[in-house]
**Q** 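Structure provided below as structure tokens; questions to follow.
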Amino acid sequence: MIVSILMRKTRVSDRAQAEALLASLMPRIKAVLERERGFVSVQYLCGADEEGQIGQITSWQTLEDCRHYVRQGGAAMVATLEEAALPTAPFPDGAWVRKTFESVS
């Protein structure tokens, strides 16, 4: 299994507000993700130590499925939905960073 973690900082510093916005977006985000081949799951995280920090964790059956999602427009569509609700903090704080890992167990 492949796990992709996308992290960024938003302009929304109130955690309850961020959680509410993410909850309202989840049906639309899941609709995009569920159309992607090899999609397994999605989870969001709010920073414990830093206000406005958001993490998105997606799981994929294969590395090729994950790459397809990132390179063929699915990730851009999800990012557009997220950005509309949770605008990114000004650069450099709002830089989007994606790391991809392969599960070892």
Side-chain angles (χ1 to χ4, degrees):
M1 181 178 320
I2 300 297
V3 175
S4 181
I5 302 170
L6 179 65
M7 297 180 303
R8 70 183 175 104
K9 188 169 184 180
T10 73
R11 295 175 192 252
V12 178
S13 59
D14 180 80
R15 182 179 178 145
Q17 182 183 8
E19 287 179 12
L21 291 166
L22 283 171
S24 69
L25 274 179
M26 282 305 285
R28 293 181 68 195
I29 290 172
K30 281 190 169 185
V32 172
L33 290 168
E34 288 170 351
R35 287 191 303 262
E36 294 290 327
R37 70 177 188 216
F39 170 71
V40 176
S41 67
V42 63
Q43 178 182 10
Y44 281 90
L45 309 169
C46 289
D49 295 330
E50 192 172 344
E51 290 180 347
Q53 188 72 29
I54 296 290
Q56 175 207 75
I57 302 172
T58 53
S59 299
W60 303 90
Q61 291 177 3
T62 68
L63 181 56
E64 187 55 38
D65 293 336
C66 181
R67 285 182 179 154
H68 183 270
Y69 164 70
V70 171
R71 296 178 181 167
Q72 300 301 316
M77 176 58 77
V78 170
T80 299
L81 293 169
E82 291 175 356
E83 183 66 26
L86 294 162
T88 301
F91 184 82
D93 293 329
W96 295 58
V97 178
R98 182 182 298 276
K99 300 287 184 179
T100 304
F101 301 90
E102 185 168 7
S103 176
V104 294
S105 59

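Numbers here are sequence positions counted from 1.
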**Q** Listed by chain and number, what are the ring-ring contact (aromatic ring centres under 6.0 Å, His included) partners of Phe39, not counting sequence neighbours?
**A** Trp60
**Q** Check for me, please, whether Leu21 and Ile54 land in the same ILVMFWY cluster - side-chain distances under 4.5 Å, paths through other members count.
**A** yes
**Q** Same cluster or not: Val70 versus Val3, using hydrophobic residues (I, L, V, M, F, W, Y) connected whenever any side-chain heavy atoms lie under 4.5 Å apart?
**A** no
**Q** Provide the closest heavy-atom pair for Ser4 versus Arg98 in the form atom of the first, atom of the second, distance.
**A** OG-NH1, 2.8 Å
**Q** Linking I/L/V/M/F/W/Y whenever their side-chain heavy atoms sit closer than 4.5 Å, directly or via other members, would Trp96 and Ile29 fall into one cluster?
**A** no
**Q** Test salt bridge (Lys or Arg N to Asp or Glu O under 4.0 Å) on Glu51 and Arg15; report intermediate values, then the result.
**A** CA-CA 7 Å; Glu51 290 180 347; Arg15 182 179 178 145; over 6 Å; no
**Q** Apply side chain to side chain contact (heavy atoms under 4.5 Å, CB included) to residues Met26 and Val42 and explain how you reach the verdict.
**A** CA-CA 9 Å; Met26 282 305 285; Val42 63; 3.7 Å; yes
**Q** Looking only at heavy atoms, what is the nearest atom pair of Glu36 and Gly74, with distance?
**A** OE2-CA, 3.5 Å
**Q** Strictly by modelled atom types, are Thr88 and Arg11 linked by a side-chain donor-acceptor pair under 3.5 Å?
**A** no
**Q** Calculate, to the nearest 0.5 Å, the distance between atoms NZ and CZ belonging to Lys99 and Phe101 respectively.
**A** 7.0 Å
**Q** Of all heavy-atom pairs between Pro27 and Ala23, which one has the smallest distance, and what is that distance?
**A** CD-O, 3.6 Å
**Q** With a 4.5 Å cut-off on side-chain heavy-atom distances among I, L, V, M, F, W and Y, is there a chain of contacts connecting Leu63 to Val40?
**A** no
**Q** Any chance you could lay out the side chain to side chain contact (heavy atoms under 4.5 Å, CB included) test for His68 and Arg37, step after step, and finish with the verdict?
**A** CA-CA 8 Å; His68 183 270; Arg37 70 177 188 216; 3.5 Å; yes
**Q** Go through the steps to decide whether Thr100 and Cys66 satisfy the test side chain to side chain contact (heavy atoms under 4.5 Å, CB included), and finish with yes or no.
**A** CA-CA 9 Å; Thr100 304; Cys66 181; 4.2 Å; yes
**Q** Identify which one of Gln53, Glu83, Gln56 satisfies the side-chain contact (heavy atoms from CB on, under 4.5 Å) criterion when paired with Arg8.
**A** Glu83
**Q** Other hydrophobic cluster members with Val97, side-chain heavy atoms of Ile/Leu/Val/Met/Phe/Trp/Tyr under 4.5 Å, chained?
**A** none
**Q** Please determine, by modelled atom types, if Tyr44 and Glu82 share a side-chain donor-acceptor pair under 3.5 angstrom.
**A** yes
**Q** Identify the heavy atoms of Val12 and Ala85 that sit nearest to each other, and give their distance.
**A** CG2-O, 4.5 Å
**Q** Would you say Leu22 ends up clustered with Leu45 if hydrophobic residues are merged whenever their side chains have heavy atoms under 4.5 Å apart, either directly or through other cluster members?
**A** no
